[in-house]
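I have placed the structure first, in the form of structure tokens, so that the comments after it can refer back to it.
Order of listing sets the numbers, starting from 1, for every ligand and every atom in it.
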Amino acid sequence: MMEVIDLRSDTVTRPTAEMREAMAGAEVGDDVYGEDPTVNRLEERAAEVMGKQAGLFVPTGVMGNTIALKLHTEHGQEIICDSRGHILNYELSMMAWFAGCVARSIPTSDGLLDWAKVKAEIRPLGPHAAQTGLIEVENSHNVGGGTVYPQEQLDEICDGAHAMGLPVHMDGARIFNASAALGIPVSQIAAKLDTVMFCLSKGLGAPVGSMVVGPRSLMDRGRLYRKRLGGGMRQAGILAAAGLIALEKMPARLVEDHSNAKMLAERLSQMPGISLDPAKVRTNILIFDVAGTGLSAAEFSARMKPLGVLMIAFGPTLVRIVTHYDSPLKACSVAAEKIQEMLDTL
Ligand code: TLP
């Protein structure tokens, strides 16, 4: 049987043998009563690693962002984010549904905001305008192509926002990829942020789970929102046990995913009809334009499927590839060969 190389997302990673073993032996209790020792340990460690007071274990990144946005805002406010942000485009309008807010979105070339752009969109409450309640940033930026905030740019947004009394939340689904790319600890990235959501179930390989970290008072209230959203998970230590391994052991290997992505980007950039700048590939995501091949993104990925390489259409002519620990260097090289093979048939 042909082995499938699944580059659709780092969400496809399966738990490691060590994670499965830890899950089987996890010490558990009822987490709705705060009595699951493994969940408690994960929440403490996540907070410690991010340099925050407290953590909250949630089943998904979407739930983590949903809770965070609600914690910072009031109904009828605006949330400033970039126009291609995950919270705006891939979370079923959750900011309207749960927090009662609308987005004030800012177009960017790479998904990254800067203080000048943000400042220009901040609105005080008035007879016509809705007040800004929150600034949201995404790091690394998914649709921007795995782009990473230069730390000074991010700190400047936080300083500016705080001086105006506004909080900043980071969708750090892939903050560990940003950390690996910058060569600085996640706690440094998070230092000035009010809250961070990050995922254990993407590049870090856990089967399920994300974290929200921030001040203890907010996390205590977040726990109530989690329950309201149906996220009171009882003996969730089974999942937290895998999450702990994801948190402690997996960040160190992300540089490998990044160098595989770079290799793929370099090879793709040499192929006729494909346009992509390998210098812009910093993490494990690469987004390339296939317009020059005469194929749509959907046709391109559909033609790759029978060759055993999966990727996703991310726009009419944009295709996304994500590298991860289930796609080692060898698999990425084979994927590049298969793409060339498909292009040769056109
Ligand atoms: N992203 C998924 C899809 O939804 C696009 C992917 O394959 O990349 N924030 C960011 C930046 C994300 O990329 C994702 C997932 C989430 C939040 C949501 O996480 P989950 O899927 O755990 O709810």
Side-chain angles (χ1 to χ4, degrees), residues 6-15 46 56-69 79 81-95 97-98 103 105 108 110-113 136-149 154 169-179 181 186 189-190 193 195-213 225-226 229-231 233 236 239-240 242-243 246-247 254 257 261 282-287 297 301 310-315 318-327:
D6 192 345
L7 302 173
R8 287 173 301 168
S9 184
D10 45 11
T11 59
V12 303
T13 47
R14 282 153 300 190
L56 181 66
F57 183 47
V58 288
T60 65
V62 170
M63 192 189 285
N65 281 334
T66 302
I67 291 169
L69 267 47
I79 295 172
C81 61
D82 81 277
S83 64
R84 287 178 296 164
H86 200 276
I87 59 161
L88 178 57
N89 299 291
Y90 292 91
E91 304 193 4
L92 289 152
S93 296
M94 65 72 174
M95 75 172 81
W97 174 74
F98 196 59
S105 68
T108 64
D110 52 7
L112 309 180
L113 297 171
E136 189 268 355
V137 291
E138 186 176 315
N139 198 18
S140 65
H141 198 285
N142 187 343
V143 183
T147 46
V148 176
Y149 270 93
L154 179 63
H169 169 69
M170 178 178 281
D171 175 347
R174 299 185 177 83
I175 192 173
F176 283 92
N177 294 89
S179 154
V186 284
I189 297 177
L193 296 161
T195 50
V196 180
M197 184 287 291
F198 70 93
C199 295
L200 301 161
S201 63
K202 299 199 164 57
L204 303 186
V208 176
S210 295
M211 305 299 306
V212 186
V213 295
Y225 290 139
R226 185 184 68 177
L229 288 165
M233 292 187 290
L239 303 174
L247 183 65
L254 292 175
D257 298 342
R282 303 269 317 272
T283 58
N284 65 331
I285 297 178
L286 45 139
I287 295 179
S301 58
L310 306 184
M311 48 191 72
I312 51 178
F314 237 48
L318 294 180
V319 175
R320 185 186 78 165
I321 278 179
V322 186
T323 58
H324 50 79
Y325 82 84
D326 278 339
S327 71

For ligand 1, find out whether one of its N or O atoms is nearer than 3.5 Å to an N or O atom of Thr11.
-> no
Intermediate values then yes/no, side chain to side chain contact (heavy atoms under 4.5 Å, CB included), Met197 and Ile67 | CA-CA 10 Å; Met197 184 287 291; Ile67 291 169; over 6 Å; no
Where at least one partner belongs to residues 57-69, residue pairs that pass side-chain hydrogen bond (donor to acceptor under 3.5 Å, both in side chains), sequence neighbours excluded | Asn65-Glu91, Asn65-His169, Asn65-Asp171
Do you know the tightest heavy-atom contact between Ala68 and Thr195?
-> CB-OG1, 4.3 Å
Under a 4.0 Å heavy-atom limit, does Val62 contact ligand 1 with its side chain, its backbone, both, or neither?
-> both
Decide yes or no for Leu154 and Leu112: does some side-chain heavy atom of the first lie under 4.5 Å from some side-chain heavy atom of the second?
-> no
Is Arg8 salt-bridged to Asp6, going by a charged N under 4.0 Å from an acidic O?
-> yes
Rounded to the nearest 0.5 Å, what separation is found between the OG atom of Ser140 and the CD1 atom of Ile189?
-> 9.5 Å
Would one find an N or O of Ser9, backbone or side chain, under 3.5 Å from an N or O of ligand 1?
-> yes
Between Ala173 and ligand 1, does any nitrogen or oxygen pair lie at a separation below 3.5 Å?
-> no
CZ of Arg320 to CD1 of Ile285: how many Å apart, nearest 0.5 Å?
-> 5.5 Å
Is ligand 1 under 4.0 Å from a heavy atom in the side chain of Thr60, in the backbone, in both, or in neither?
-> both
Between Lys202 and ligand 1, which part of the residue brings a heavy atom under 4.0 Å of the ligand: side chain, backbone, both or neither?
-> side chain
State if Arg174 counts as touching ligand 1 under the rule of any non-hydrogen atom under 4.0 Å.
-> yes
Contact (N/O only, under 3.5 Å) between His86 and ligand 1 | yes
When only distance counts, is Ser201 in polar contact with ligand 1, meaning an N/O pair under 3.5 Å?
-> no
With Phe198 via ring-ring contact (aromatic ring centres under 6.0 Å, His included) - residues at least two apart | Phe176
Any idea which atoms of ligand 1 are less than 4.0 Å away from a heavy-atom of Glu91?
-> 17 (C)
So is Arg320 polar-close to ligand 1, meaning N/O to N/O under 3.5 Å?
-> yes
Any idea which part of His141 is under 4.0 Å from ligand 1, heavy-atom wise: side chain, backbone, both or neither?
-> neither
Kindly say whether Asp257 contributes a backbone atom to a donor-acceptor pair with the side chain of Thr323 at under 3.5 angstrom?
-> yes
Minimum-distance protein heavy atom relative to atom 9 (N) of ligand 1 | Asp171 OD2, 2.7 Å
Note the single closest protein heavy atom to atom 20 (P) of ligand 1, along with its residue, its atom name and the distance in Å.
-> Gly61 N, 3.4 Å
